[in-house]
Amino acid sequence: VWWATIIFAMERLFAKSGVLLALALLAAEFGGIEHALDAYIARLAASPVDRLARGAPLAYWINLYNALTVKVVLDHYPVTSIRDIDISPGFFSDGPWGRNLIEIAGEKISLNDIEHGILRPIWRDPRLRYALNCAARGCSHLPPRAFTADNADPMRSEDHTSELHFRRILVCRLPYG
């Protein structure tokens, strides 16, 4: 429920203010959103990912990636670009994608680990770019609802098909092409 509320508010705010300002305005408008987001991420982290039902792992990893991205931006606002959030290890690192942000099944993982170590190698679906969001202008917006085993195909729902042509909210430009 909170995911749909966030997306609705962002869509309204983005039209006037741009991606990162929309996140800040959203945080101010829904003062407790950080607590709801933290609780959602904690619930995902506590889920036994190795015992999820068929179809659910794809949805799980997409939802975790998107929620962590929103959290990173909110935690570091004000910034003009997600690339300004230089928390990744390494001298040449840019943005937050390389930083371990969460522990899942005893392993510390980063956004890069989720995208390039789990999602892309396992599912090998170029349409994942329409489901993932990394908070920069240029690609996909956040989906209007959390993914489930039934709707995890990035192109299956009308929301994701229309996204290809019309809508831009919180969007991503992947650092690796």
Side-chain angles (χ1 to χ4, degrees), residues 1-4 6-7 19-20 23 27 32-77 79 81-136 138-143 145-156 160 170-177:
V1 172
W2 77 268
W3 196 250
I6 288 174
I7 300 308
V19 171
L20 295 171
L23 278 173
I33 204 73
E34 291 91 350
H35 300 297
L37 182 58
D38 288 343
Y40 179 69
I41 291 170
R43 195 172 72 220
L44 288 172
S47 297
V49 69
D50 58 337
R51 292 186 297 224
L52 293 173
R54 183 182 173 128
L58 176 59
Y60 171 88
W61 290 111
I62 292 170
N63 291 334
L64 182 62
Y65 184 96
N66 289 339
L68 287 172
T69 300
V70 171
K71 180 173 176 37
V72 165
V73 172
L74 287 175
D75 286 351
H76 292 89
Y77 191 82
V79 292
S81 167
I82 192 167
R83 290 184 180 274
D84 294 340
I85 304 172
D86 287 325
I87 59 173
S88 294
F91 184 72
F92 295 106
S93 295
D94 188 24
W97 298 283
R99 173 90 177 262
N100 289 334
L101 299 174
I102 195 165
E103 189 171 309
I104 303 294
E107 296 288 326
K108 292 181 180 178
I109 62 171
S110 67
L111 291 168
N112 276 343
D113 294 331
I114 295 170
E115 181 180 353
H116 300 290
I118 298 168
L119 286 167
R120 293 193 185 280
I122 293 172
W123 283 274
R124 296 176 185 235
D125 188 341
R127 298 173 303 166
L128 283 168
R129 72 181 296 256
Y130 300 113
L132 299 176
N133 178 283
C134 72
C139 294
S140 288
H141 65 73
L142 279 169
R145 65 192 62 81
F147 284 96
T148 66
D150 294 329
N151 73 0
D153 183 333
M155 300 296 284
R156 187 176 297 164
H160 300 114
L170 179 63
V171 295
C172 74
R173 173 163 290 132
L174 302 176
Y176 299 109

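Here the structure is a predicted model, which is why all the values come from computation and not from measurement. The chain is numbered in sequence order, starting from 1.
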Rounded to the nearest 0.5 Å, how far apart are [atom1] of [X] and [atom2] of [Y]?
| X | Y | atom1 | atom2 | result |
| --- | --- | --- | --- | --- |
| L52 | R54 | CG | CZ | 14.0 Å |
| L64 | L44 | CG | CG | 5.5 Å |
| Y130 | I62 | OH | CD1 | 14.0 Å |
| I102 | K71 | CD1 | NZ | 9.5 Å |

Taking all non-hydrogen atoms of both residues, which atom of N63 and which atom of Y40 are closest, and how far apart? CB-OH, 3.4 Å
At their closest point, which heavy atom of A56 faces which heavy atom of A149, and how far apart are they? N-CB, 3.7 Å
Is any side-chain heavy atom of V49 less than 4.5 Å from a side-chain heavy atom of S47? no
Could you tell me if the side chain of R120 sits less than 4.5 Å from the side chain of R129, heavy atoms only? yes
Among residues at least two apart in sequence or on other chains, which ones pass side chain to side chain contact (heavy atoms under 4.5 Å, CB included) with [X]?
| X | value |
| --- | --- |
| P126 | none |
| N100 | K108, S110, D113 |
| I118 | W61, I122, W123 |
| A39 | none |

For a quick test of your reading: what N or O donor-acceptor pairs under 3.5 Å do the side chains of residues 84-93 make, sequence neighbours left out?
from: D84; atom 1: OD2; to: T80; atom 2: OG1; distance (Å): 2.7
from: D84; atom 1: OD2; to: S81; atom 2: N; distance (Å): 3.3
from: D86; atom 1: OD1; to: G95; atom 2: N; distance (Å): 3.1
from: S88; atom 1: OG; to: G95; atom 2: O; distance (Å): 2.7
from: S88; atom 1: OG; to: W97; atom 2: N; distance (Å): 3.4
from: S88; atom 1: OG; to: G98; atom 2: N; distance (Å): 2.8
from: S93; atom 1: OG; to: P89; atom 2: O; distance (Å): 2.4

Test side chain to side chain contact (heavy atoms under 4.5 Å, CB included) on I114 and L68; report intermediate values, then the result. CA-CA 10 Å; I114 295 170; L68 287 172; 3.9 Å; yes
Paired with P96, the side-chain contact (heavy atoms from CB on, under 4.5 Å) test is passed by just one of L101, N112, I82, namely I82
No-hydrogen, no-angle side-chain donor-acceptor test under 3.5 Å, N66 and T69: no
Hey, mind stepping through Y60 and I104 against side chain to side chain contact (heavy atoms under 4.5 Å, CB included) and telling me if it holds? CA-CA 11 Å; Y60 171 88; I104 303 294; 3.3 Å; yes
Where at least one partner belongs to residues 96-106, residue pairs that pass salt bridge (charged side-chain N to carboxylate O under 4.0 Å, His left out), sequence neighbours excluded: none
